[in-house]
Participant: 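Dumping the structure here so I can ask a few things about it.
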Amino acid sequence: MAADLLWDDVRELFDPDLMGSLPDVCVPHTSVKDWQDLLDLVVASGWRFEYSEGETVLPLPTAAAVLDRAPGSECPALRVWPYTDMLMIFRFLVAEEIDFDVDLREIQGQERLDQFCAFLQSVGRHLGKPVLMADEGGNPAEYPVLGFAIVSDRVAVVDLPSKR
């Protein structure tokens, strides 16, 4: 099976100095059900994970329970390691978008890029939605640099029209 992306073609998108070390990744237009589907995928895939509220590690609750927390309470985080030394940090900000970060220093070289793409594919296929990445502090839903597309069933660089 051919790689979705070739390291030599996209290495700049994984340069922590250019993109920031923690680019923003999201699944737009989601619901509580999509969040629950993500939690189910994490458990079913056997990925190592840790759910926490502040500094307190807790058992994994339902998505509905997490997203129905009291206003002003600390934002829970789900740390997922789909591969050794590759951490994805999901933040339960709103039901309408699944947000997470990845550390670009952990994605260097073709093998790690292939693993990252496989993770994006797993999430996108399971949810039936695109998974988009932007530079750190960027808005992946509006200005993605790459993403998993349902139609092509691949991770690809996003060609955006130049700003005029």
Side-chain angles (χ1 to χ4, degrees), residues 3-30 34-35 37-61 63 66-67 74-127 129-149 154-160:
D4 279 6
L5 301 173
L6 296 177
W7 178 250
D8 289 339
D9 294 341
V10 297
R11 71 174 53 236
E12 297 81 23
L13 298 178
F14 292 86
D15 183 337
D17 293 329
L18 294 175
M19 297 291 290
S21 59
L22 299 172
D24 296 301
V25 188
C26 82
V27 180
H29 311 294
T30 60
D34 293 313
W35 273 101
D37 289 347
L38 173 71
L39 298 181
D40 294 344
L41 172 66
V42 168
V43 172
S45 296
W47 297 326
R48 187 166 68 95
F49 68 89
E50 178 184 276
Y51 172 80
S52 62
E53 294 177 7
E55 299 297 317
T56 307
V57 175
L58 299 165
L60 186 63
V66 177
L67 292 165
E74 190 149 5
C75 181
L78 176 66
R79 289 170 173 76
V80 177
W81 291 267
Y83 301 96
T84 303
D85 298 326
M86 187 181 294
L87 171 62
M88 311 294 170
I89 303 174
F90 291 84
R91 303 197 195 293
F92 295 82
L93 299 171
V94 295
E96 296 78 21
E97 186 171 271
I98 295 174
D99 293 296
F100 64 102
D101 295 323
V102 60
D103 189 333
L104 290 186
R105 294 168 293 200
E106 298 173 353
I107 306 173
Q108 297 297 307
Q110 189 66 51
E111 179 181 352
R112 299 298 279 188
L113 177 62
D114 291 347
Q115 291 173 337
F116 178 65
C117 290
F119 178 77
L120 296 184
Q121 288 172 339
S122 292
V123 171
R125 286 175 182 157
H126 190 76
L127 299 178
K129 296 183 181 284
V131 184
L132 308 169
M133 183 180 98
D135 60 330
E136 185 173 9
N139 183 336
E142 290 185 26
Y143 303 107
V145 295
L146 66 83
F148 171 77
R154 296 181 58 85
V155 175
V157 173
V158 176
D159 293 321
L160 294 174

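Atoms considered below: every heavy atom in the structure, side chains included; atoms not considered: hydrogens, waters and symmetry mates. Given the structure is predicted, the values throughout are model-derived calculations rather than measurements.
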Participant: How long is the span from the CD atom in Glu50 to the CG atom in Leu87, to the nearest 0.5 Å?
Facilitator: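 With rounding to 0.5 Å, CD (Glu50) is 9.5 Å from CG (Leu87).
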Participant: For residues Phe90 and Leu39, determine if any side-chain heavy atom of one lies less than 4.5 Å from a side-chain heavy atom of the other.
Facilitator: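 The answer is no, as the side chains (C-beta and beyond) never meet within the 4.5 Å cut-off.
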Participant: Checking Glu12 side chain against Leu18 main chain: does a donor-acceptor pair fall under 3.5 Å?
Facilitator: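 Looks like no, no N/O pair under 3.5 Å.
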Participant: Take a 6.0 Å sphere around CD of Gln110 and say whether it holds more than 12 heavy atoms from other residues, nucleotides or ligands.
Facilitator: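 Yes - once you tally the heavy atoms of other residues, nucleotides and ligands closer than 6.0 Å, there are more than 12.
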Participant: Determine yes or no for a side-chain-to-main-chain donor-acceptor pair under 3.5 angstrom, with Glu136 supplying the side chain and Ser21 the backbone.
Facilitator: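 Side chain of Glu136 to backbone of Ser21, a donor-acceptor pair under 3.5 Å: yes, one is there.
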Participant: Which atoms form the tightest heavy-atom contact between Arg112 and Asp85, and what is the distance?
Facilitator: NH2-O, 2.7 Å
Participant: To check you understand the geometry: which heavy-atom pair defines the closest contact between Pro16 and Leu104, and what is its length?
Facilitator: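 Of all heavy-atom pairs spanning Pro16 and Leu104, the closest is CG-CB, 4.1 Å.
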Participant: Would you find a donor on one side and an acceptor on the other, under 3.5 Å apart, between the side chain of Asp99 and the backbone of Cys26?
Facilitator: no
Participant: In terms of ring plane angle, is the pair Phe116 and Phe14 parallel, tilted or perpendicular, where the classes change at 30° and 60°?
Facilitator: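 Phe116 vs Phe14 ring planes: perpendicular.
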Participant: Quick check on side-chain contact (heavy atoms from CB on, under 4.5 Å): which of Arg125, Lys129, Met133, Arg154 does Phe148 satisfy it with?
Facilitator: Arg125
Participant: Set out, in order, the CA-CA distance, both residues' side-chain angles and the distance that settles side chain to side chain contact (heavy atoms under 4.5 Å, CB included) for Val27 and Val123, then state yes or no.
Facilitator: CA-CA 9 Å; Val27 180; Val123 171; 4.1 Å; yes
Participant: Could you grab the distance from atom OG of Ser52 to atom CD of Glu74, nearest 0.5 Å is fine?
Facilitator: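 So the OG of Ser52 and the CD of Glu74 are separated by 8.0 Å.
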Participant: Just by modelled atom types, is the Val94 backbone N or O under 3.5 Å from a matching donor or acceptor in the Trp35 side chain?
Facilitator: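 Pair found, side chain donor or acceptor close to backbone of Val94.
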Participant: Are any non-hydrogen side-chain atoms of Pro82 and Met88 less than 4.5 angstrom apart?
Facilitator: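 Counting from C-beta outward, Pro82 and Met88 do come under 4.5 Å.
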Participant: Kindly compute the distance separating NE2 (His29) from CG (Leu127), expressed to the nearest 0.5 Å.
Facilitator: 13.5 Å
Participant: Work out which heavy atom in Trp47 is nearest to a heavy atom in Ser122; give both atom names and the distance.
Facilitator: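 That closest heavy-atom pairing would be CH2-CB, 4.1 Å.
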Participant: For Leu120 and Val25: C-alpha separation, side-chain torsions, deciding distance, then whether side chain to side chain contact (heavy atoms under 4.5 Å, CB included) applies.
Facilitator: CA-CA 10 Å; Leu120 296 184; Val25 188; 4.2 Å; yes
Participant: Could you tell me which non-hydrogen atom of Leu146 sits nearest to which non-hydrogen atom of Val155, and how far apart they are?
Facilitator: CD1-CG1, 3.9 Å
Participant: Between Asp135 and Tyr143, is a side chain to side chain contact (heavy atoms under 4.5 Å, CB included) present by the stated rule, with each step listed?
Facilitator: CA-CA 9 Å; Asp135 60 330; Tyr143 303 107; over 6 Å; no
Participant: Measure the spacing between CG of Asp17 and CE of Met19 and express it to the nearest 0.5 Å.
Facilitator: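 Going from the CG atom of Asp17 to the CE atom of Met19 covers 12.0 Å.
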Participant: Find the distance between CG (Leu78) and CD1 (Ile89) and round it off to the nearest 0.5 Å.
Facilitator: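 Rounded to the nearest 0.5 Å, the CG-CD1 separation comes to 10.0 Å.
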Participant: Could you tell me the separation between the CD1 atom of Ile107 and the CG atom of Asp114, rounded to the nearest 0.5 Å?
Facilitator: 11.0 Å
Participant: Would Phe92 and Tyr51 satisfy side chain to side chain contact (heavy atoms under 4.5 Å, CB included), going step by step from the backbone distance to the final call?
Facilitator: CA-CA 11 Å; Phe92 295 82; Tyr51 172 80; 4.1 Å; yes
Participant: Minimum heavy-atom separation for Gly138 and Ala134, please, with both atom names.
Facilitator: C-CB, 4.1 Å
Participant: For residues Leu132 and Ala141, report the shortest heavy-atom separation together with the two atoms involved.
Facilitator: CD1-CA, 4.0 Å
